[in-house]
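Okay, so here's the structure we're looking at.
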4 protein chains.
Amino acid sequence: MAAKSKEEVVQEYRIESIQEATMRVIGRKGMAAATMQEIADEAGVAKGTIYLYFRDREELVEKTFESAILRLMDRVDAALDQEIGIDAKIRAVMAAHVGFFGENREFFRLYLSLRMPEGPATRQRRQKQHCQPHYRVRAEKFAKALEDAMDRGEVRRGDAYKLALFIIEGSTAIILERLNEDAPPSEEVDLDLITGLILDGIRKRS
Amino acid sequence: MAAKSKEEVVQEYRIESIQEATMRVIGRKGMAAATMQEIADEAGVAKGTIYLYFRDREELVEKTFESAILRLMDRVDAALDQEIGIDAKIRAVMAAHVGFFGENREFFRLYLSLRMPEGPATRQRRQKQHCQPHYRVRAEKFAKALEDAMDRGEVRRGDAYKLALFIIEGSTAIILERLNEDAPPSEEVDLDLITGLILDGIRKRS
Amino acid sequence: MAAKSKEEVVQEYRIESIQEATMRVIGRKGMAAATMQEIADEAGVAKGTIYLYFRDREELVEKTFESAILRLMDRVDAALDQEIGIDAKIRAVMAAHVGFFGENREFFRLYLSLRMPEGPATRQRRQKQHCQPHYRVRAEKFAKALEDAMDRGEVRRGDAYKLALFIIEGSTAIILERLNEDAPPSEEVDLDLITGLILDGIRKRS
Amino acid sequence: MAAKSKEEVVQEYRIESIQEATMRVIGRKGMAAATMQEIADEAGVAKGTIYLYFRDREELVEKTFESAILRLMDRVDAALDQEIGIDAKIRAVMAAHVGFFGENREFFRLYLSLRMPEGPATRQRRQKQHCQPHYRVRAEKFAKALEDAMDRGEVRRGDAYKLALFIIEGSTAIILERLNEDAPPSEEVDLDLITGLILDGIRKRS
DNA sequence: CATGAATGAGAATTCATTCAT
DNA sequence: AATGAATGAATTCTCATTCAT
């Protein structure tokens, strides 16, 4: 059995604590002001140690972003994979988002900095952006669920990918707003708002 | 008549061309990699000249962002101020966005970098964030239009501010996606998609 | 006879007001922080105008220093040229210093920056130091008076030049201290102190 | 025994060699023209290394000045603390000065730049002037010795602080003159001159 | 003559990255 | 493997000087 050697365990632990430190520091100072030194201090390791596990700052940030977003996507996948109606599915996906960002508030800044593709010709100083795929992957997964619902007649036909983009970004805006609110309403209230909006729009119907 | 002296004209021209250069360079390289030197080169002036018109890099970026966003908001305001139903109004607002971003593609990166409040404790190195207000102002204006529509019975009652956030961010995602598409569909198609989604949701109705 | 043309008068007036401005700004900000812009503003002329009358910053500062020190030296010369005993002469010289610095408080900083030879190999960025001569000239004039007094038997024989240096710098220290005192004593008191020290030393005699 | 760890030794060595380089460069180029790059080159380290040991240029210059002046003051204190008559004491103090400046010729320019309080409103760009105290402290220590001598009847009563200023600055002038002389006389000759002048003045007595 | 916008060399400072211990 | 002192490229910003108007 894949029994991890002590070295592997230590290694994984290091990687994790460095990534957590990275997220905390970027969450605190913002992407541009987060220095390797401060990240190292936060992680309780020496600056040089970081370079044993990550090629450079860019890779560190990217991998940190990726591993967080993967955890988010795991939750979202779990929601999407359920055999439930599109109503419940959307609600579950949104609940996954709300829960994740609530538990990982420091991820916020990192997410804002890297979530979107930066278009062509980006590869400069900071940010060489191999991250773009995730954005698409996430949207595509959601689009797939929408297409299934379209097939089942639950949802009107349309460009599922763009709908997915709209829904993800729109709901993210609300979720991030929650983080800034002094007294956010219960999750239920915001979830109702989001799912209601997505499913039925804002138009009043008799 | 407020006849502008020659100096004022020249001054305005300088400011404009520097801001345009700023937008182009940030559009090309990204916020972090855009250096004063490259902006100066792009604008065809010396580095020092920029400092005659802007206190420092921060003010340059901020003012550049602001003047662009003001142009966007002018268009949006024009759309919102029309005496038309919420359907048409939303479509007009979205059309304003699509048009603006289509004409100002370089603004994209700058917009992504500065549009959102960065939450508490941001005031670091770069970005003292006087930009935040615009984000809220824009959302609030839109929220006001929604509230009016609620009063008129066109729209279901709900948290207008959060609805506005959702709509703005969601539609922005689609608009930005257009910029990356090799062969974007006609504006009409995307506008139909967006307004349809906002007004009626995705649910299929018999 | 040398009737000054209007142009010459204007020219002299310009030079004078620029030099006065230079002294005031250096007096206020210190040598290093005094910029051409601020000097121009203080003088009420454009930056470029200064360069019509002075080759560069260095020449401006030097000439400003020189013209002030020449005024000081005129007073000192007047004191030295009197046909009076060395006691009275020293007192008169010191009175000239006290009076001059009292009237030209802004000169203080400039004086501190330039008074002394800076040794070999100075010619750098700021300060190419053609000013050194004055320091020596002043000391030599004073030394000449001491030598005369030695010849007349009023003063013990010794290295008149070094005595002069000692006396000038020592008394300057006291005079500058006056400028910093909130409530300086009457000039007479400090003059008694200085001349007493120079002439009779500090030793108590029966 | 406070055995220093190797790191501490290395650290102290670095600090010392950077400070020595600072003194040499300022001695050679003058305060204003001494750049961090040249100081680094002179010290044989990289520019960045200096910033590991000193916050900024100002702190570097200040600390360099201070540590030199402290060494001078140690010597002066040793002279002042001796239980000897004022004659011998003054001579010893002056000998300390002569010796120190002879051994630290590069300190000269730094000393000229920072020794004196620059009067009110100095706190500008360069020089926040924590250096002022030393000037006063040194004068006050010397004044204290003079007061003791007054109490013992060796010295006439008078404003001890101003006398001290006079003596320090006056003798410094002579000592600095030595540094510029091609063939300075023996120390003894100058010391005789200085102490004679201070104690007995220049007046010839029968 | 006077102006002041424009210039660009040059200075301080930061920080990702390396490498000897 | 871990460290952290050292590095130096890169960046921002300043300001003396020039020159077209």
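These figures come from a predicted structure and were not determined experimentally. Protein chains get the first letters and strands the later ones, always in sequence-line order, with residue 1 at the start of each.
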Across the strands shown, which category fits Phe54(C) at heavy-atom distances under 4.0 angstrom: base, sugar-phosphate, nothing?
nothing
With nearest nucleotide decided by heavy atoms, which residue, Ile50(C) or Arg55(A), maps closer to the 5′ end of DNA chain E?
Ile50(C)
Taking for each residue the nucleotide of DNA chain F bearing the nearest heavy atom, is the 5' side occupied by Ala46(D) or by Gly44(A)?
Gly44(A)
Taking atom P of dA16(F) as reference, at what distance in whole Å does atom OH of Tyr51(C) sit?
6 Å
Measure the distance from CD1 on Ile18(C) to C1' on dT3(E) and round it to the nearest whole Å.
13 Å
Measure from CD1 on Ile39(C) to C1' on dC15(F) and round the result to the nearest Å.
12 Å
Taking only N and O in the side chain of Tyr53(D), is any of them less than 4.0 Å away from OP1 or OP2 of dA6(F)?
yes
Heavy atoms under 4.0 Å, any strand shown: does Arg14(A) hit a base, just sugar-phosphate, or nothing?
sugar-phosphate
Nearest-Å distance for atom pair CE/C1', residues Met36(A) and dT3(F):
14 Å
Go through dA6(F), dT3(E), dG4(F) for me and flag the one nearest to the Leu52(D) side chain.
dA6(F)
Where each residue is assigned the nucleotide of DNA chain E containing its nearest heavy atom, which of Gln37(D) and Gly48(D) is assigned the position nearer the 5′ end?
Gln37(D)
If you look at every strand shown and take non-hydrogen atoms under 4.0 Å, does Val45(A) touch a base, only sugar-phosphate, or nothing?
sugar-phosphate
Under 30°, 30 to 60°, or over 60°: which ring-plane class applies to Phe65(B) and His134(B), parallel, tilted or perpendicular?
perpendicular
From CE of Met31(A) over to C1' of dA16(E), roughly how many Å is that when rounded to an integer?
15 Å
Rounded off to whole Å, could you give me the CD-to-P distance for the Glu7(B) and dT21(F) pair?
13 Å
Could you give the CZ-to-C1' distance, from Arg57(A) to dT18(E), as a whole number of Å?
18 Å
Using a 4.0 Å heavy-atom cut-off across all strands, classify Thr35(A) as base, sugar-phosphate, or nothing.
sugar-phosphate
Figure out the OH/C1' separation between Tyr13(C) and dC1(E), and round it to whole Å.
16 Å
With a 4.0 Å cut-off, would you call Arg24(B) and Glu106(B) a salt bridge?
no
Just to confirm, is there a sub-4.0 Å distance from OP1 or OP2 of dC1(E) to any side-chain nitrogen or oxygen of Gln11(C)?
yes
Tested for salt bridge (charged side-chain N to carboxylate O under 4.0 Å, His left out) against Glu38(C), the lone hit among Lys47(C), Lys29(C), Arg57(C) is Lys29(C)
Side-chain donor or acceptor of Lys47(B) under 3.5 Å from a matching atom on the base of dT7(E)?
no
Base, sugar-phosphate or nothing for Glu38(D)? Non-hydrogen atoms, less than 4.0 Å.
nothing
Backbone of Glu59(A) reached by a side-chain donor or acceptor of Asp56(A) within 3.5 Å
yes
